[in-house]
Amino acid sequence: MPNAGRPSFRPASIAVESPDGKAPRHKYEPAQIEPVWRSRWKKSKLFEVADPKPGELVDKFYVLEMLPYPSGRIHMGHVRNYSIGDVIARFWRMRGKHVLHPMGWDAFGMPAENAAIERGRHPADWTHENIATMRGQLEPLGFSYDWSREVATCEPEYYRWEQQIFTRMLDKGLAYKKSAIANWCNRCETVLANEQVEDGRCWRCGSEVVQRELDQWFLRITRYADELLEGLEALKGGWPDQVLAMQRNWIGKSSGARIRFPLTDEAKRVAAAAVGPTQTPSALLADGLDVFTTRADTVYGVTFVTVAPEHPLARAAAKGGPNAAAVAAFLEKMAKVKDQERASESAPKDGVATGLFVRHPLTGADVPVWVGSFVLMGYGTGAVMAVPAHDTRDFAFARQHGLPIKVVIKPVEAAAPVVAEMKDATTEYGVMLASGEFDGLSSQEGKKKVAAKLASMKLGEETVSYRLRDWLVSRQRYWGCPIPVVYGEDGAVLPVPDSELPVLLPRDVQITGEGGSPLVRHPTFSKAKDPRDPRKPARRETDTFDTFWESSWYYHRYTSPHFDQGPFDPAVAGAWMPVDQYIGGIEHAVMHLLYARFFHKVLIDLGFLPQGAAREPFKALLTQGMVTMQTQFVNDAKGMPVYLYPEQVDEGGKARAPGYEGVAVERGRVEKMSKSKRNVVDPDAMVAKYGADTVRVFMLFASPPEAELIWSDAGIEGAHRFLARVFRTIRDIVALPKAPPAAERSGDAMALRRKLHQTLQRVTVDVGERQQFNTAIAAMMELVNELVPATAKVQAGQPSPGLAEALRESAELLVHMLSPFAPHLADELWSTMDGEGFLLSRRWPTVDEEAAREDAIEIGVQVNGKVRGRIRVAKDAPEGIALALAREEASIAAHLGDKMPKKVVYVAGRILNIIV
RNA sequence: GCCGAAGUGGCGGAAUCGGCAGACGCCCCCGAUUCAAAAUCGGGUUCCCGAAAGGGAGUGUGGGUUCAAGUCCCACCUUCGGCACCA
């Protein structure tokens with residue numbers, strides 16, 4: 001973009017006369033500078049970006065920060081996230097990219113409902129107020145958002161489209177209903193979120209939480225399991241390896257075999273009796289008990305079979321099996337224990353015998369069926385064949401319950417273990433034994449052959465299993481997007497037709513936290529008409545969507561936020577997508593990012609996006625760490641900690657809180673900033689005190705983006721001092737008398753230019769490639785540390801040809817480099833040097849490689865691996881020269897003595913190591 | 001428990017590909033400036049021994065590979081993130 005014709009702006013800062021009447025001084029007053037520049041940016045619509053026109057070749061760059069939940073006030077974690085995003089957005093715009101940088105609100109969610117319960121506020125009012133407050137808090141930080149694209153997900157203009165997407169998913173079989181377990185409080189008659197369960201009790205009334213089955217909506221994300229897994233390959237390099245690993249493990253693909261153990265007659269009878277005459281038996285029990293195993297080679301070592309407490313056979317055994325009472329008691333006990341604890345390896349291997357038997361598919365032997373705490377219904381088939389000799393958990397279970405152990409694998413070059421002497425299972429691959437026709441085969445071979453044999457008997461097959469489960473999207477809550485379905489009198493599940501969308505969330509509800517979802521109790525909401533025949537009544541679905549739904553597609557909506565013919569304009573979305581840089585907390589590494597990836601693929605497959613669109617929505621991902629701070633507390637009469645806000649502690653470490661005045665404050669651990677621990681710093685107060693630029697620079701300087709950031713008041717002072725130093729120094733440079741151009745450059749001038757261009761090089765790489773903003777700022781600090789004495793030298797009139805020009809060049813390049821970090825200050829300083837327009841509209845400066853070049857560098861010289869001195873040599877000096885120089889160095893010669901070097905290791909430009 | 005990270009001076013951190021540990025900032029100390037203070041400017045600042053020159057130790061712990069390890073390998077400890085209804 002050419003800069004011609006742009007007006008220059010007047011500086012907003014005012015010169016202050018010093019009281020002694022000497023030269024006017026300039027004081028860095030952010031409060032004077034920042035509002036002026038923000039209003040100039042706004043007036044010129046600097047941050048609004050036009051959509052690429054069809055067919056136009058645009059070098060676009062989509063920078064996206066995870067949209068916030070409007071919880072009430074902005075916290076430092078948001079400020080950090082958005083400061084990182086803003087540096088990236090501004091940097092790439094200066095690099096000539098056409099940048100999209102939007103912001104919005106993830107406005108549905110539980111806290112709004114909790115506020116309604118606790119304070120009687122309507123969730124809609126509470127949410128809208130919070131959005132207004134938080135938008136107001138973001139404004140003074142000077143982020144370069146295109147606010148004309150703002151989105152709030154609780155608006156019908158937004159959620160109507162996710163209703164439409166849902167009906168399309170329903171058509172394709174991607175959405176379905178099945179029974180699932182939820183936390184249930186009998187007293188409040190309501191479903192509880194996991195975080196609302198404290199020690200197995202309801203957080204509100206304290207009564208015991210039970211597991212209850214409900215018919216719920218699921219999305220078939222498992223259909224995309226393979227693609228979600230394989231897609232990770234394409235993200236290598238752009239996404240952190242750790243996130244890719246977490247997603248890979250979450251999907252948890254494992255290859256193995258499904259093996260069917262036929263039921264004995266008695267087991268069949270018990271199973272049939274339990275399901276009753278009208279219901280068909282579960283698919284899991286149709287012709288036998290299916291297990292999933294990755295070790296088909298150990299099938300001859302099966303001594304029992306373990307099923308999950310939720311397994312249909314366990315249920316049946318509890319109702320009518322030979323050991324029904326004990327099984328029923330066990331099932332009741334397990335209903336109160338979370339999967340996480342049940343599956344833990346150190347957990348007791350609780351279990352109970354069902355008294356039922358199945359037949360071994362190859363030997364025909366009767367195998368007892370047990371119910372085990374560690375078997376999870378959600379994985380595989382909810383049943384495992386137990387091979388205690390070769391599986392750690394089965395081994396522990398067998399020992400605990402006195403079940404037989406049978407060795408069927410031996411190491412290749414050792415004898416088979418003796419059962420009586422075994423202390424643990426031997427899980428390594430080896431050679432099969434005591435396995436009939438398979439004896440002598442390797443584990444790898446055996447797995448295939450066993451599976452093939454079972455397949456020929458129609459009692460098994462090779463298969464893959466995923467840890468990933470289908471996504472449960474139903475919530476029995478009010479403040480969410482209504483699921484657009486009605487149920488006909490005949491029980492038919494009927495999607496709401498497009499013409500009747502959106503299904504509006506009614507405003508007139510009673511929110512008490514008791515008696516189930518407010519939508520169920522609403523007088524008219526659930527009363528609907530049958531779309532097939534409007535004369536017939538139908539019952540409307542009262543569940544709402546999981547709020548991960550909204551955040552799974554919002555990044556598309558930003559591309560055409562006002563489009564009213566569909567969720568987004570496919571052409572515009574196609575032009576902007578994929579997101580080039582996504583930035584957010586590491587806590588979203590698995591769920592949000594997996595759901596969003598899934599949605600993006602579904603949107604393409606449903607035709608909402610062009611078929612040829614890139615199948616991964618986020619090309620690059622930056623996961624930032626949390627903002628933490630020391631907690632401080634005093635002890636109350638019972639010795640319990642009473643946490644204090646930072647402002648409740650005076651400099652002497654004494655409390656100022658009511659009731660605890662003057663009490664010595666104890667310092668607790670450093671924890672994530674949270675209201676409950678009161679270790680919070682209000683962004684507003686910091687901006688008021690130091691200015692937005694200082695807050696931004698500190699956030700970026702204090703830690704690398706992916707690491708935890710520990711807030712410190714002293715640290716922010718340092719950031720402020722740096723900016724004040726930049727301000728003063730550049731004003732001093734601008735005020736220098738103009739000298740005629742020097743014909744030659746002094747050593748000082750060359751050294752300064754070298755530092756300048758090396759700094760530009762470092763900042764360019766640190767921001768553009770490494771995304772290490774702390775080191776970029778450190779580099780600029782180093783430059784300023786050299787500008788200060790150089791400026792003083794010129795001010796003092798000491799001759800140094802070319803230095804004044806080098807200083808001017810430095811000032812000019814520095815404001816460009818600094819502008820993504822401290823945009824208000826940079827534009828202000830730019831205006832004092834008669835710069836045109838805004839820095840954001842200018843091009844990022846180019847490194848003068850010649851000026852940056854370093855001819856001689858210092859390298860360390862080691863004697864026997866210990867550094868004994870340093871020499872200054874050319875970067876590519878040959879070994880002979882380096883060695884000769886080293887010998888001349890007294891400190892090195894002293895260590896060498898007259899010993900002959902045994903070996904010399906020389907890496908040019910890095911190290912010289914002499915071994916004697 | 002499982003999956004993924006992190007651990008470096010008094011503090012936040014730097015060291016980009018195995019090559020000078022501690023860049024930059026904070027704190028603290030000394031000096032200049034000032035009637036004085038703040039601010040600013042200059043200097044010092046890993047620890048131990050030493051007056052100094054210099055020497056020794058040192059990147060969570062224990063081992064290993066290497067001419068050379070904060071960086072690679074093995075084991076362990078501690079802290080943090082996620083674990084499917086918090087977002």
Side-chain angles (χ1 to χ4, degrees), chain A residues 27 66 68-69 71 106 109-111 182-183 191-197 216 240-243 245-246 248-250 252 338-347 374 378 467-477 546-548 551 585-592 594-595 623 625-626 628 669-672 698 701-704 706-719 721-722 724-725 728 765-766 769-770 772 774-775 777-782 785 788-789 792 858-862 864-867 869-870 891 894 902-905 907 909-915:
Chain A
K27 192 160 181 276
M66 289 181 184
Y69 178 77
S71 56
D106 188 14
M110 225 170 39
N183 300 313
V191 174
L192 298 174
N194 286 340
E195 71 157 17
Q196 295 174 320
V197 180
Q216 311 215 59
D241 287 342
Q242 65 186 92
V243 176
M246 283 191 259
R248 199 175 302 119
N249 293 334
W250 186 265
K338 283 186 183 174
D339 279 7
Q340 211 172 313
E341 289 149 30
R342 274 174 41 187
S344 88
E345 219 150 87
S346 66
F374 66 93
R467 207 187 72 98
L468 179 69
R469 308 201 295 261
D470 276 340
W471 174 12
L472 195 169
V473 293
S474 298
R475 296 293 182 270
Q476 294 70 41
R477 295 183 204 290
D546 177 5
T547 56
F548 272 123
S551 55
I586 183 70
E587 66 272 22
H588 297 293
V590 177
M591 305 188 64
H592 161 62
L594 194 69
Y595 292 148
T623 48
M626 294 181 309
T628 60
R669 34 203 291 177
V670 173
E671 289 188 66
K672 179 174 173 172
F698 174 66
F701 179 65
S703 272
E706 66 281 3
E708 172 181 303
L709 184 150
I710 304 175
W711 181 267
S712 109
D713 287 348
I716 196 169
E717 294 273 359
R721 269 206 286 274
F722 166 62
R725 200 164 145 95
R728 277 195 313 272
V765 172
D766 281 354
E769 293 168 30
R770 299 208 313 139
Q772 294 287 296
N774 53 333
T775 51
I777 293 169
M780 289 188 276
M781 285 174 168
E782 283 185 46
N785 287 346
V788 171
E858 215 170 60
I859 65 167
V861 179
Q862 301 178 331
N864 290 339
K866 270 189 187 300
V867 179
R870 296 179 160 78
S891 58
K902 235 192 275 176
K903 183 174 178 183
V904 176
V905 179
V907 182
R910 292 206 184 267
I911 200 85
L912 175 65
N913 190 5
I914 306 166
I915 317 300

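Below, chains carry the letters A, B, ... as their sequence lines are ordered, and counting in each starts from 1. The analysis underlying the following values was restricted to heavy atoms, covering all of them including side chains, and did not include hydrogens, waters or symmetry mates.
When the C1' atom of B/rA68 is taken as reference, atom NZ of A/K903 falls 10 Å away, rounded to whole Å. As a whole-Å value, the separation of A/M780 CE from B/rC24 C1' is 12 Å. Atom CD1 of A/I586 and atom P of B/rG82 are 10 Å apart (whole Å). Between the C1' atom of B/rC83 and the CZ atom of A/R469 lies a distance of 9 Å, rounded to the nearest Å. A/E782 has its CD atom 6 Å from the C1' atom of B/rA23, to the nearest Å. A/N194 places its CG atom 5 Å from the P atom of B/rC86, with the value rounded to the nearest Å. The distance from atom NE2 of A/H588 to atom C1' of B/rA5 is 17 Å, rounded to the nearest whole Å. A straight line from CE of A/M591 to C1' of B/rA84 spans 4 Å, rounded to a whole angstrom.
Nucleotides B/rG4 and B/rG10 are separated by 33 Å at their P atoms, to the nearest Å. Nucleotides B/rG44 and B/rG9, compared at atom C1', are 15 Å apart to the nearest Å. Using C1' as the reference atom, B/rA37 and B/rA5 are 48 Å apart when rounded to the nearest Å. The gap from the P atom of B/rC47 to that of B/rU59 amounts to 16 Å, rounded to the nearest Å. Nucleotides B/rU46 and B/rC26, compared at atom C1', are 16 Å apart to the nearest Å. Spacing between B/rG13 and B/rU8 at atom C1', rounded to whole Å, works out to 9 Å. The separation of B/rG7 from B/rG60, taken at their C1' atoms, amounts to 6 Å, rounded to a whole angstrom. Annotation: B/rG22 and B/rA15 have their C1' atoms spaced 8 Å apart (nearest Å).
Residue contacts for A/R248: at a heavy-atom cut-off of 4.0 Å it reaches no nucleic acid atom on any strand shown. At a threshold of 4.0 angstrom between heavy atoms, the contacts of A/F722 with the nucleic acid are absent. Residue contacts shown for A/M66 are absent, as no nucleic acid heavy atom lies under 4.0 Å away. A/W471 comes within contact range of no nucleotide atom at all, as no heavy-atom separation falls under 4.0 Å.
In this structure, A/N774 has no side-chain hydrogen bond (donor to acceptor under 3.5 Å, both in side chains) partners at least two apart in sequence or on a different chain.
How far CH2 of A/W471 is from CG of A/L594: 9.5 Å, rounded to the nearest 0.5 Å. One distance of note links CG of A/L472 with CG of A/D546; it measures 8.0 Å at 0.5 Å rounding. Within the model, atoms CG of A/N913 and NZ of A/K866 stand 11.5 Å from one another, a figure rounded to the nearest 0.5 Å.
Base orientation for B/rG9: syn, the chi torsion being within 90° of 0. The glycosidic torsion of B/rC35 lies more than 90° away from 0, placing the base in the anti range.
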Hey, mind stepping through A/R725 and A/N785 against side-chain contact (heavy atoms from CB on, under 4.5 Å) and telling me if it holds?
CA-CA 9 Å; A/R725 200 164 145 95; A/N785 287 346; 2.8 Å; yes
Which is it for A/M246 and A/W250 under the side-chain contact (heavy atoms from CB on, under 4.5 Å) test, yes or no, and what are the steps along the way?
CA-CA 6 Å; A/M246 283 191 259; A/W250 186 265; over 6 Å; no
Given the rule in the side-chain contact (heavy atoms from CB on, under 4.5 Å) test, do A/Y69 and A/T547 qualify, once you have shown the distances and angles that lead to the verdict?
CA-CA 10 Å; A/Y69 178 77; A/T547 56; over 6 Å; no
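Here B/rU16 sits opposite no nucleotide as a Watson-Crick or G-U wobble pair (both hydrogen-bonding atom distances under 3.5 Å). Pairing for B/rA69 is absent, judged as Watson-Crick or G-U wobble with the two contacts each under 3.5 Å. With both pairing distances under 3.5 Å, B/rC26 is matched to B/rG10 as a Watson-Crick or G-U wobble pair. When both distances must be under 3.5 Å, the Watson-Crick or G-U wobble mate of B/rA51 does not exist. Searching all strands for a Watson-Crick or G-U wobble partner of B/rG1 with both distances below 3.5 Å returns B/rC83. With a cut-off of 3.5 Å on both Watson-Crick or G-U wobble distances, the partner of B/rA32 is given as B/rU40.
Below the 3.5 angstrom threshold, one finds a donor paired with an acceptor across the side chain of A/Q216 and the base of B/rC85. Put simply, the side chain of A/Q476 and the base of B/rC85 share a donor and an acceptor less than 3.5 Å apart.
Under the 30°/60° scheme for interplanar angles, the aromatic rings of A/F548 and A/H592 are found to lie parallel.
There is no side-chain donor-acceptor pair under 3.5 Å between A/R467 and A/N249.
Which of B/rG42, B/rA84, B/rC3 sits closest to the side chain of A/M246 comes down to B/rC3. Nearest nucleotide to the side chain of A/R721, out of B/rC26, B/rA87, B/rG25: B/rC26. Among B/rC85, B/rG4, B/rC27, the nucleotide with an atom closest to any side-chain atom of A/A714 is B/rC27.
Where A/A245 and A/R467 meet RNA chain B, the nucleotide closest to each residue was compared, and A/A245 sits on the side nearer the 5' end. When each of A/S712 and A/K866 is assigned the nucleotide of RNA chain B bearing its nearest heavy atom, the one mapping closer to the 5' terminus is A/S712.
Contact between the side-chain N/O atoms of A/N864 and the OP1/OP2 oxygens of B/rA68 is not found at any separation under 4.0 Å.
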Measure all distances between protein nitrogen or oxygen atoms and nitrogen or oxygen atoms of nucleotides 11-22 of chain B, and list the pairs falling under 3.5 Å.
residue	atom	partner	partner atom	Å
B/rG12	O2'	A/A702	O	2.5
B/rG13	O3'	A/N774	ND2	3.4
B/rA14	OP1	A/N774	ND2	2.9
B/rA15	OP1	A/R770	NH1	3.3
B/rA15	OP1	A/R770	NH2	3.0
B/rU16	O4'	A/R770	NH1	3.3
B/rC20	O2	A/R870	NE	2.4
B/rC20	O2	A/R870	NH2	2.7
B/rC20	N4	A/E858	O	2.4

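Looking only at distances, no side-chain donor or acceptor of A/T623 sits under 3.5 Å from a matching main-chain atom of A/G585.
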